[in-house]
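This one's a predicted model, so the numbers in the text were calculated from it and none came from an experiment. First the proteins, then the strands, lettered A, B, ... as listed; each starts at 1.
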There are 4 protein chains.
Amino acid sequence: MKLETSASGVYPIAPTPFHEDGRIDFASIDRLSDFYTEIGATGMTVLGVLGEAPKLDGAEALEVAARFVKRAPKLPVIVGVTSAGFAAMRTLASAAMDAGAAGVMIAPPNTLRTDDQIVTYYAQAADAIGSDTPFCIQDYPLNYSVVMSPTVLKRIITDNPSCVMVKHEDWPGLEKITTLRKWEADGALRHVSILCGNNGLFLDFEIERGADGAMTGYPFADMLVDLINLARSGQRDAAHDLFDLHLPLLKYEQQPGVGLSARKYILARRGLISSPAQRKPAGAFTEAARSEVDYLLSRIARSDKRGACNPLKI
Amino acid sequence: MKLETSASGVYPIAPTPFHEDGRIDFASIDRLSDFYTEIGATGMTVLGVLGEAPKLDGAEALEVAARFVKRAPKLPVIVGVTSAGFAAMRTLASAAMDAGAAGVMIAPPNTLRTDDQIVTYYAQAADAIGSDTPFCIQDYPLNYSVVMSPTVLKRIITDNPSCVMVKHEDWPGLEKITTLRKWEADGALRHVSILCGNNGLFLDFEIERGADGAMTGYPFADMLVDLINLARSGQRDAAHDLFDLHLPLLKYEQQPGVGLSARKYILARRGLISSPAQRKPAGAFTEAARSEVDYLLSRIARSDKRGACNPLKI
Amino acid sequence: MKLETSASGVYPIAPTPFHEDGRIDFASIDRLSDFYTEIGATGMTVLGVLGEAPKLDGAEALEVAARFVKRAPKLPVIVGVTSAGFAAMRTLASAAMDAGAAGVMIAPPNTLRTDDQIVTYYAQAADAIGSDTPFCIQDYPLNYSVVMSPTVLKRIITDNPSCVMVKHEDWPGLEKITTLRKWEADGALRHVSILCGNNGLFLDFEIERGADGAMTGYPFADMLVDLINLARSGQRDAAHDLFDLHLPLLKYEQQPGVGLSARKYILARRGLISSPAQRKPAGAFTEAARSEVDYLLSRIARSDKRGACNPLKI
Amino acid sequence: MKLETSASGVYPIAPTPFHEDGRIDFASIDRLSDFYTEIGATGMTVLGVLGEAPKLDGAEALEVAARFVKRAPKLPVIVGVTSAGFAAMRTLASAAMDAGAAGVMIAPPNTLRTDDQIVTYYAQAADAIGSDTPFCIQDYPLNYSVVMSPTVLKRIITDNPSCVMVKHEDWPGLEKITTLRKWEADGALRHVSILCGNNGLFLDFEIERGADGAMTGYPFADMLVDLINLARSGQRDAAHDLFDLHLPLLKYEQQPGVGLSARKYILARRGLISSPAQRKPAGAFTEAARSEVDYLLSRIARSDKRGACNPLKI
């Protein structure tokens, strides 16, 4: 199963679950995989920004990816292979594909500046991983400080047949989606899948602008699936009602550091992972922050029973 | 009237209204000033990031500031004096104070890196504007790329008696407010006013963490006043209900470029300025974006009649 | 006298001389102007990065520019008009041209990233200053963090007829000069003047690659004139001998902060300005640094009597 | 053999030699190791910025490090372990120390900003590699965009007993060396070794300011050894004469991209590696650049016969 340009729907960004003592929690990987499969996710992304990938050594990273792949045989799995060098990228991409991954995701190094530098980088990366490995461009300037104009994305997509997807998390980015889709309609650009990240913060309008779905780590991935189904079936108001209900928590989770802590905390409250533990260095999660997340969950629970997850004993 | 450390409530960031042909629209300045006074704003900030200050030359900037000051005699007016050099900063600060401003706001140049560089910069700035000019630190790393730890803020506040306020728009920033207020409670730091920016996106919890109010350009400044009154009177749920109702639009406006266009568009729809015109170079505002803003306003109008402002003929 | 694409030779970057008490030292401006004229400089640049422009208010900046223009009637004077906004840029450019400047120099704001952003910025700037004001692009990524590929320079030059010069201080930049000159030879790009900055650190080879001259603040501008004459007359070894003799000092002066202090110190030792004083905030110049500069001068003096300037009483 | 705070002299940054087809050239590793030993180098650094480390996968990196260690048993070898995550850093550091390395070198991620962030990062890194692994701080703001004030270095050195060395390549940095050495003289800071990088561009004065030696990749490491010996024996003028003779080439090599190409080219001309080949993506080295390097070598050869190395057949 290879990642294709027709990919759509919800690709949750899976966290890497740990035990309290720092060991990888494989049973929770299985539970997450089952959950994503059951709720109708159409794929999965592992070892992304919020997968604590830098806290895994090479062997562990592979073990994690392989376990997700094995447990969710129906879901194409995208593996983050962003690396400081092409040698490490090639090694991880090759091993991940051998383990059954459907494709890889590559973010640019934050030292790139000019259009040509960005285009050249992706050409070199595509060459490093091999033309038979489908890849997804991660376009996330807020995190990587690399700004890709629509023209740059067009050049990368056109130059590299193995580019099949853009993870769109530019900010602001609504017009970028419109531009890319207009080029596609005009025959100036081939179709690639556009899945939206940036914690889903603009997913309400991104879908309306032509995005194919979501790739983000919000712990209510089932809500994201519902949202996209509502939008696709033309129930605009209902889609926005659902989105707006969760927006206070989506927004809260967008905070770097706090965000991952809140996500793991909520996944643990939902029983989807055994522990909210992070490997060192862990993001902070103060008593005040936890109480704020609890409050936000209780507010969601007024209209969506998924918010009423069990209190966590910690 | 000088800006004081006891400042609290809502200091709207006033846009600079223009006619379609680019002239400054002084009548709209008056209307805005009257509006801010009537709704219970406790101050006002002019020539901030979203006041299109870089599109005004020195003389125009002063005219704009003076007009706001004159029309809103009860409101302390803060004037943004962030400049590429201390000479220009001194000149503008001095003229603004002569024109009746209550204080000035200073953002750091985006080339500062170390703690010492930041502390030194504010010492030099305080010296440039004179010790009798109260100033507000603008702590906005997302825009200025300068990260101030709580310790750095403490050093600036302690070193410079004329520092009376922090415009807090760090991100994430809730723990920073808690830290500063804890130091204050412990006697380790004198009190300064903390007003929150970052488009009010975290205002719901910022107030609960100890902030004194808001300084942001959201076009429903009257909602911000209500929100703070609800929070202060202990009506937590009602405060969050109001905030959450407006959050989809607050979030939409946080987009750079689009944000200012949306704000001026809404202010024009509300009749508070004559035209949404910006001076060149103007931020984009496509048909699609305008339609999205209209939709968000209609959704607000379901529960808050302020959302039902007149359609704009443009 | 308007700046033209045929400009070549040495355009010294003039410092702004101050008295010890911070007043502008107009007599030293006259002395510098006379010196540049006498040694065969072909132009002059004022209010550049090292002209302490940010320490001058608008009126002072104009006075300084006008004084240089008046005293050196044979030399085209380029005025730095880099500003935080187009309104201030327009005002200063217009006043400078009225005062007799030959053209202006514009550096990009350090927030620009994509090719399109840079091209758009220069289009807006050219529009702001008016099509009859010749301008020079300052291409200095080390200082401004904006990287312009040759393609971007080509677009700016092609789009804006009033662009007549590039101040080349990219690093590394030798291949960029070669590329631009090759395009010119191929008829793909019109000719513009290329003068080299970056403290002249690569001037030896830049001239050989096709640059038209130097625009830098090295305090031995007379050496730069000799160097270019030697290079033009085909005396390659002699040109490099002269360059290499001064390279240790050129390199020493490239240090930010220390560089300006060293320059003003040497100009004062040479009797070309009355005092090495800088306005606050002044760059550091420790006893150790001064002694190092003295030592470097004494080494130059072994082969070039210009190095044997008088010790300074300070 | 563990790296100690008493380290001094010349630690060449060893390139990673490749065959034309991209395989690691182990015979050239041996030749380089022998050369460094013979000329009186006191240590060696491998897998640094210019060691093409990102083009090696984990296993290859270890092989390269181990080969250098084995062939130069008298020289303490420092291994660059800068990584995107602490897990990879721990793995590489541990394996390198097992293979006989004397210590490791760690550069900060370019996202760090505040003093506290930098101090915290090094505490976490020291914890990751273990307290028995001596480490060297790489202080190179021009490359990593992280600015460490002397106070920050003091905090890191004081907090982490396993910190034994600073690779100093701040710019400007002479006063920083003076400050650190003054603190040491005053008893405010324990002694650590300071070796200078930044391509040796300020080595002439850095030694005089109190640095213990050089850690840089200049292909005439034997010249660096001579320079330090001259400086130590009080022959200031002779030291500067030697330095100034090589300065034009040192400066030329400081150019990013071109620098590595020039170094490998010269090492190949000197017969110290078999080929100047780089792994993809290789830095450019045009005909013009090679001719410039040849010219600079011929100029060195007029006074230092080392410059007269054999022309390379390529």
To the nearest 0.5 Å, atom CD of Glu60(B) lies from atom OG1 of Thr91(C) at 7.5 Å
Of all heavy-atom pairs linking Pro54(B) and Ala84(C), the shortest is CB-O, 3.6 Å
For residues 120-134 of chain B against chain C, heavy atoms under 4.5 Å, the residues are Gln124(B), Asp127(B)
Between the CG atom in Asp57(C) and the OG atom in Ser83(B), the distance rounded to the nearest 0.5 Å is 11.0 Å
Ranking Thr111(C), Asn110(C), Thr82(C) by heavy-atom pairs under 4.5 Å to chain B gives rank one to Asn110(C)
